[in-house]
Each structure stands twice: as C-alpha cells, then as structure tokens.
Amino acid sequence: MAKKTPFYDKHLEYKGKIVEFAGFFMPIQFEGIIPEHNTVRTGVGVFDVSHMGEIEITGPDRIKFTNYITTNDVSKLAFNQLQYSAMLYPDAGIVDDLLVYNLKDRIFLVVNAANTEKDYEWILQNKKFNVEIKNLSDDIGQLAVQGPKSEMLMQKIVDYNLTELKYYWAVETKIKGIDVLLSRTGYTGEDGFEIYMPAKDGLKIWDIVFDAGKEFNVKPIGLGARDTLRFEMRYCLYGNDIDKTTNPLEAGLGWIVKFDKGDFIGRDSLLKIKESGLKRKLVGFEVIEKGIPRPHQKIYADNNEIGFVTSGTFSPSLKKGIGLGYVGTQYTEPGTKFYVMVKEPILVEVIKGPFYKKGTHK
Amino acid sequence: MANIIEGLKYTREHEWAKIEGGIAITGITDYAQSILSDIVMIEPPKVGTQIKAGDAVGTIEAVKAVSDLFAPLSGEVIEVNEKVVKEPAIINRDPYNEGWIYKIKVNNPSEAENLLSAEQYKELIAGH
C-alpha cells in the first residue's frame, strides 16, 4: 500500500490527479502540466516533495564518513551550506544523486524517494568511523516553493532576511513558531526554496504558505511539471538519465566528483574509467522539426546505432521536443545532428547547457 | 466525470465518430483527452489516404505520453482539421466540437454497428 504524504488531503482538495509514485500517492497534475509549468517559470508554485528521503548522519566523524560515501567534497562546506553530490558503487555506477547539508551537529542527506530504503541500507552497510545514521524520512514533510516570486512569498512568513540566503545555503528557522529547515534550492531552474518540517506540522505550513501566496496567485504543482521543469534545465533524473549502469563522468557530473579529496567508494574504478577515456556521454538535444523523443528510443547516425534516449518530452517553454541520451563521444559536440527513432527517424541537434536559459535561480 | 455525448459512436480506443450522410467526423473522447492531458502535437492521417477500421492511422502526443489514433471506420480521409494540428490544445478544451480531428468518407456505413453506443462507452470507461 502506497504511503500518503502530510499533504495528501490538500491534493484532493485542489483536485489533483493522484498516481502512485515511488511508493507514495502523489499528484501528477492539478490544472495541467503546461499551465503549472508556466506558473513556476513566471510566478510561484508549491510542490509537495515529501516523498524525498532524508537521512541524518551525526557523530564526531560525520564529515569524514560522508566524504567517504559521496563524491563531492564535504569538507569544503561551511556551516549551513550544502552541495549536490552522488554516492557510487565500487564499480563507479551511481547509487543515487543527493543533496548534502552541513548543519549544526549533523549532516543531512536528501535522497530520491524511490531510493530511500536502498540508500539507507547502503550507508549502513558501509558505516565506519564514529557516526550514527538515522532514516528520518517518515517524520519529515517537504514543500518546494519555486518561481521568480518565491522570495516575495517566503519573506512574508519567515523572520530571516532572505536576501542573505544565497543559492545552496540553508538556515534553521521558524515559520509561525514551527521549526523548519529552509534552503535556497530547487529542481526547476527558478529562484526557490525548499522547506523541511515535522510531518505533523505539514498542513499548518501549507496553509501559511498558500495564505501568504494569495496575492501572488500561488498554485500547487504536480510531478508532471516537476519533470518538465527539471528537464528544461537539463538536471539529471535518477532512474532515467543516471543509475547503477552509468557513471558520473559520462553523465556530465564530473563537477561533483573531487578525486583529490581522498578515498571514497567508487574512486578507483572511476579514476580508471577517466584515464582510459569515456566511451559515451549524456547529451541534450532538440528536435529540429517535428516529433517528441521518448525514453528508450534508439539513436542513429551514419547508419549505425550510436546510443539511446534516457529522457524525452515536449518542452513547454521552447515549444518543441527535447531529449537527453547517451551517445558515442564523437557525437557530443554542440551542433552535431543525429536521428532518434520515434515512429520514423527524426533529426535532432546536440545543444550545449540547459535547454531553457532564462532561469531565475540565484 | 468525463463527458459523453449521446448519438455519437465510440471505439474501445476512445475515439468518437459522428456519422451523417456517409461522412464520419472523428476525434478523441473527453475521457481520452483528460487521460492524455496537455496535448501538444497531433499527426492525423493525410487527406486522400484509405484507412481501415481499427488501424493505427496517426499519432497524438501529450507532454508525458504518446498514443496512436485508431480509425473508427474504413474509408477515405477527406478533410483534416488544420486548426487542431496548429493548436492541439483545442482538443483538451473542446474534444467533441472544435477539437474534431479528421473526416472520413465511409466505405461501408454498416461498419458503424461494430462501434459502441454512448451507453456502452460509458460502461467501458466506468471500469477504468
């Protein structure tokens, strides 16, 4: 039986279309993917992301241990700063991608919903040094408030001066007396915040956010638009673009791998992969004429199969089909053209960077 | 609750057909558009093609999903609604009127007996 998040009744009240996702009943959409997408690009929207997993690491060796299980360098984080990172298997396949928060007396990991149990087991299995590990997922509710108007909304309900909260920084503060962890983060490319709160206080926070957001026409946003928004920014989705069969270098995530920080799980294999040269890379591409690429479709060039699509959708902002896929390294230069086998082959062109380039994230 | 129009014929694949004087106007049902949501691209069969009832003759793409268009009846495609090709969201707004997709000059009007009535279609989607 799928779980309900603290906001389940709100999804029903706002007439969300409910689906089962990663073991939770979640709203896939409310008024429609495209209008919701546009709300976040131009105004402010609120996502229930309580399905995400939260794992806490405490103890004197928490930084040393987190550095051992993740690829980015935790020792570089200031107090209340966070980073995007990954956990690897010894063969350099990806266990998960995650956020690592360096908070007062604890490291706080935020992991993908579908991977929470797997990640927690993995971390326990690899436990060493003097640390304690707890899975807090069931007790934490999470809302993401995203869009160019998100700061104006949030400033109405927190005492903290939000112009001082920079991108990828966090603060432990209160919203109307309720303890929350607030960070300037998101998965949309727009300015935005993520609020972690005790699950039992979730509905109160929802009401506070929606009351404060009335004047900005705030709306609830479903998982459908969450995917189109992240995709336009070319953010990876675990399960589509990265998984245990892909390594961070070929996925374009070399920037979160710090080889020089010392040992971490997967380091040796990944270093070998790096030294022997990548065979394929994840690229973003746009459809030149008509058609929408979809996951698992094959990619062809020069009469050869050169790769496959990992994510594909219609971009509401660009109004055309966009895709991500792994292709041989000789096909990754921006401007390279190849064919995706939809029903018939459609011509696409490799692009550089995010598909949508006007995001307001700070 | 999905809107179902009396007097139209329906397929199990969620197309509707309005048959008058040997011509069938076709589209997808309100139920189909609500399941697909946010239709962004449509490729109907080309004018002049001969199509056979039950065959996949076109494609309808939403943001998250793609679906085939199935021919409700056999015949010749005589007109395509260019408005919905340009602006597929019309189908989400008004699937039975402005959102019609193409017209067929029907070969054999008795084929319509194989299609579902509004009542039968209602039962079909009640099971979903």
Side-chain angles (χ1 to χ4, degrees), chain A residues 15-19 21 26-41 221-232 237 240 286-297 309 311-323 340-346 355, chain B residues 1-3 13-14 28-47 49 51-52 54-71 77 80-95 98-99 101-102 125-126 128:
Chain A
K15 306 215 175 350
K17 197 185 279 181
I18 307 293
V19 297
F21 178 81
M26 296 298 288
I28 186 92
Q29 65 172 72
F30 294 88
E31 56 175 323
I33 295 173
I34 292 175
E36 290 166 38
H37 180 107
N38 293 335
T39 292
V40 175
R41 286 272 178 260
I221 312 293
L223 292 177
R226 180 168 161 84
D227 189 53
T228 54
L229 288 158
R230 73 89 194 169
F231 194 167
E232 285 186 348
L237 173 62
N240 279 42
E286 288 180 357
V287 174
I288 292 176
E289 286 181 353
K290 247 175 115 172
I292 302 173
R294 303 289 182 183
H296 313 301
Q297 289 169 345
V309 178
S311 287
T313 196
F314 176 81
S315 159
S317 301
L318 307 176
K319 301 196 169 45
K320 59 174 146 181
I322 57 174
V340 174
M341 193 55 81
V342 179
K343 254 187 173 171
E344 287 157 6
I346 56 167
F355 297 99
Chain B
M1 190 59 203
N3 188 13
E13 290 79 27
H14 311 289
I28 66 165
T29 65
D30 185 43
Y31 177 77
Q33 75 72 23
S34 76
I35 292 295
L36 283 167
S37 95
D38 296 281
I39 297 165
V40 292
M41 207 170 283
I42 177 148
E43 283 190 85
K46 290 192 170 57
V47 171
T49 22
I51 58 175
K52 204 167 138 255
D55 282 0
V57 295
T59 315
I60 188 154
E61 298 234 28
V63 176
K64 298 307 298 175
V66 53
S67 168
D68 285 321
L69 270 179
F70 294 94
V77 178
V80 164
N81 185 355
E82 295 298 338
K83 254 194 181 163
V84 302
V85 173
K86 280 204 194 78
E87 199 198 331
I90 294 171
I91 299 170
N92 291 118
R93 285 201 302 270
D94 189 6
E98 255 198 284
I101 300 173
Y102 65 101
I125 64 172
H128 282 247

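Proteins come first, then strands; the chains are lettered A, B, ... in the order of their sequence lines, and each starts at number 1. Being a predicted model, the structure only gives us computed values, none of them experimental.
In this structure, A:I292 and B:V66 have side chains that are not in contact, with every pair of non-hydrogen atoms separated by 4.5 Å or more. Between B:V40 and A:I34, some side-chain heavy-atom pair lies under the 4.5 Å cut-off.
Of the possible polar contacts, none joining the B:S37 side chain to the A:G32 backbone as a donor-acceptor pair under 3.5 Å is found.
At a 4.5 Å heavy-atom cutoff, the contact between B:I35 and chain A is made by backbone atoms alone. B:A89 does not touch chain A: none of its heavy atoms, backbone or side chain, sits under 4.5 Å away. Within the 4.5 angstrom heavy-atom criterion, no atom of A:K319 approaches chain B. Contacts between A:T313 and chain B at a heavy-atom distance below 4.5 Å involve backbone atoms as well as side-chain atoms.
The shortest heavy-atom contact between A:P35 and B:D38 is CD-OD1, 3.7 Å.
Of the inter-residue distances, the one linking B:K64 atom NZ with A:I28 atom CD1 reads 7.0 Å to the nearest 0.5 angstrom. For the atom pair CG of B:D68 and NZ of A:K343, the computed distance is 4.0 Å after rounding to the nearest 0.5 Å.
Between B:E61 and A:K290 no salt bridge is recorded (no basic side-chain N to carboxylate O distance below 4.0 Å).
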